[in-house]
Protein chains: 2
Amino acid sequence: MTSDDAKPPRPSGRPATIDPDAVAGLALDLFAEHGYENTSMEDIAKAAGIGRKSLYRYFTSKADLVWGGTEPVIEASTRAFDSFHSPGKSDGGVLAGLREATIAGVAVIPDLAVTRGRLRLIAEHPELTSRSYESLAPQREKALAFLVESGLTDSAARFVSAAYLAVTFEAWLQWAAGSEPDPTPYLLAALEVLNVPLNKAGVSQWKH
Amino acid sequence: MTSDDAKPPRPSGRPATIDPDAVAGLALDLFAEHGYENTSMEDIAKAAGIGRKSLYRYFTSKADLVWGGTEPVIEASTRAFDSFHSPGKSDGGVLAGLREATIAGVAVIPDLAVTRGRLRLIAEHPELTSRSYESLAPQREKALAFLVESGLTDSAARFVSAAYLAVTFEAWLQWAAGSEPDPTPYLLAALEVLNVPLNKAGVSQWKH
DNA sequence: TTACATAATGACACAGAGTGTCATAAGCTG
DNA sequence: CAGCTTATGACACTCTGTGTCATTATGTAA
C-alpha cells in the first residue's frame, strides 16, 4: 500500500539506478557513526558510490536525508481525514477525526525502529528539530482543511492545527526518547490537551 | 526597564562602537528592498560600514538579524510566570498564568510596527518560520517550568507548552498578516484553544 | 604622560551547503 | 541501428558560518 501499487509511467528513457531509501539508510548509519555535522554530503555521496550532485537530485538538503519518509504517513492521514466526512456528528467529531488521522499515520510506518533513530537524531540537533515546521507543513495544511471543513473558523482552525501539529510532534519526541514500542499512547495523551480544558483538567494529567 | 537600568560592568577596555539595533534595522531595510535571499551578509556589513566578521560577532546568523529582539519579551514573560506563584488557586490558574505571561510580553515590545515587519518577513520565508522552534526555545522552557510548578506532569507540561508556543506564534502570524494595531485579541483567541474542549466548542469559534 | 590591560575590529583563509550549466552515458522504443 | 529520454556526474560558483591573528582604540594605574 505504500509504494507497490501504481508504477504508472514507464514512458522511456534511462531508468534510475540509485535507490533513495538505501542511500538514506546509509546516510543515517554514517550520521550515527561519525555524527551529523561531521558527515558531509560529499562523504555520503562517496560512501554511496555516487556523485554529490546526484545525491542532491534525490535529497534537496542534508536535513532531507533525516526527515524523509514522511510522505506515506501524511498520505495515510489525508485519507483518514477525507473518509471522515460525517455531516451528522458535528459534536465530538473534530477531535475524533484528528485521532483517527494520527493513528492512521502510525499504521503506515514500515519500521518504527528506524523512525525512532531518525527522531532521536532530530531531537539532538536544533537545526533538524526546527525543520519540523517545514517538514510537517503538508500535514498542517491537511489538518487545516479538515478543520475548516468541519465548521471551524479559518482563524480557529489555524490555531487548532498549529496546536495539533506541535502536540503530536512533541509526542513523537517523547516516544523516541524512551523505549516503549508503541507511540500510540503518547499521541493519544498529546491529543488530550486539545480535549480537556486546563481549568477543569482531568486528574490523569495532574500530579497531585 | 528594558535596557536603561544597570549598566553594570565598565571594567575597562575599548567600548563598542557598533549599535546592534541600528545594524538590524538597516538589515531589515535591505531585506525589504532587495529581498531576504538577495541580500548577503557582506552587503549588510558593507552598508553598515563594518566588516563581515564584526557583523557575525553581533548576530550569530543571518536569521538572527530578523529574529532578534526576543529577549526582553521572554524576560517579561518570565517575570510574569515567576510572580504568579499562587498555591491557593490551582483551579483555572494555569491558563490564567499563560495569559498573563503572554500579555506581559506584548507590553514590553517597543515598536509593534517593526515587529509586524519582522513577522511578515518570517512568514514569507519557510527558513525563517522554522526558526521559531529554536528562537522560542527559551520561552518554551519557561512555560514548561511554570506548568510543572503548577502541578502538571512533566509529560503533560511538555504537551501544553508545545501547544502554547505553537498557538501564540500562530496568533502573532495572523496579527502580522492583518492591520489590527493590537495583537492581544489574536493571542487571547489562540489561548482559547487550550481552554475550550473541541467537542464542546463554544459558538464563537464556529462558523455555523 | 607612559605603560599596561582589555576588548573591539577586520583582514585572511577555510570547510561545507546548495545551485546552475553542460557534456556524457545508459536504457527504451521504433 | 537510430533516435529519444532521462540519469549521471564533472566543473564552477555563491554564500554561510567559523577560526586565526594582527591591529587599533579605549580606559586604568603608575
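In what follows, every heavy atom counts, from backbone to side chain, and hydrogens, waters and symmetry copies are set aside. Just so it is clear, the structure is predicted and the values come from calculations on it, not from any experiment. A, B, ... follow the sequence lines: proteins, then strands. Residue 1 opens every chain.
Atom CD in B/E127 sits roughly 10 Å away from atom P in C/dG18 (whole-Å rounding). Look at NZ on B/K46: it is 14 Å from C1' on C/dA11, rounded to the nearest Å. Distance CG (A/D19) to P (D/dA7): 15 Å, rounded to an integer number of Å. Atom OH in A/Y56 sits about 19 Å away from atom P in D/dA12, given to the nearest Å.
Applying the salt bridge (charged side-chain N to carboxylate O under 4.0 Å, His left out) rule to pairs touching residues 158-177 of chain B yields B/D154-B/R158, sequence neighbours excluded. Within the structure, side chain to side chain donor-acceptor pair (under 3.5 Å) pairs that include any residue of residues 116-134 of chain B comprise A/S130-B/E134, A/E134-B/S130, B/E37-B/H125, B/S61-B/R131 (at least two apart or interchain). The side chain to side chain donor-acceptor pair (under 3.5 Å) pairs that include a residue from residues 26-35 of chain B number zero, where partners must be two or more places apart or lie in different chains.
Under the 4.5 Å side-chain criterion, counting only non-hydrogen atoms from C-beta, B/L191 is not in contact with B/Y186. No side-chain heavy atom of A/F159 sits under 4.5 Å from any side-chain heavy atom of A/L152. At least one side-chain heavy atom of A/V106 sits under 4.5 Å from a side-chain heavy atom of A/W172.
Taking A/T70 as the reference, nothing meets the side-chain hydrogen bond (donor to acceptor under 3.5 Å, both in side chains) condition, with sequence neighbours excluded. With sequence neighbours excluded, the residues that form a side chain to side chain contact (heavy atoms under 4.5 Å, CB included) with A/Y58 are A/A16, A/I18, A/P20. Among residues two or more places apart in sequence or in another chain, the side-chain hydrogen bond (donor to acceptor under 3.5 Å, both in side chains) test is passed with A/D43 by A/S40. With sequence neighbours left out, A/T102 forms a side-chain hydrogen bond (donor to acceptor under 3.5 Å, both in side chains) with A/Y164. With sequence neighbours excluded, no residue satisfies side-chain hydrogen bond (donor to acceptor under 3.5 Å, both in side chains) with B/N38.
Shown for residues 28-45 of chain B: residues whose heavy atoms fall under 4.0 angstrom of DNA chain D, namely B/T39, B/S40, B/M41. Near DNA chain C, meaning a heavy atom under 4.0 Å away, the residues from residues 58-68 of chain A are A/T60, A/S61, A/K62.
Geometrically, A/K62 does not engage A/Y56 in a cation-pi contact defined by less than 6.0 Å to the ring centre and at most 45° from the axis.
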Check your understanding: Hey, mind stepping through B/F59 and B/V23 against side-chain contact (heavy atoms from CB on, under 4.5 Å) and telling me if it holds?
Key -> CA-CA 10 Å; B/F59 301 91; B/V23 175; 4.0 Å; yes
What does the list of N/O pairs under 3.5 Å between the protein and nucleotides 12-15 of chain C look like, with a distance for each?
none

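Between A/S54 and B/R57, the residue anchored closer to the 5' end of DNA chain D is A/S54, taking for each the nucleotide with the nearest heavy atom.
Of the candidates C/dG10, D/dT18, D/dG9, D/dG9 carries the atom nearest the A/I18 side chain, counting heavy atoms from C-beta on.
The overall bend of the helix from C/dT1-D/dA30 to C/dG30-D/dC1, read as the angle between its terminal helix axes built from five base pairs each, is 0° when rounded to 10 degrees.
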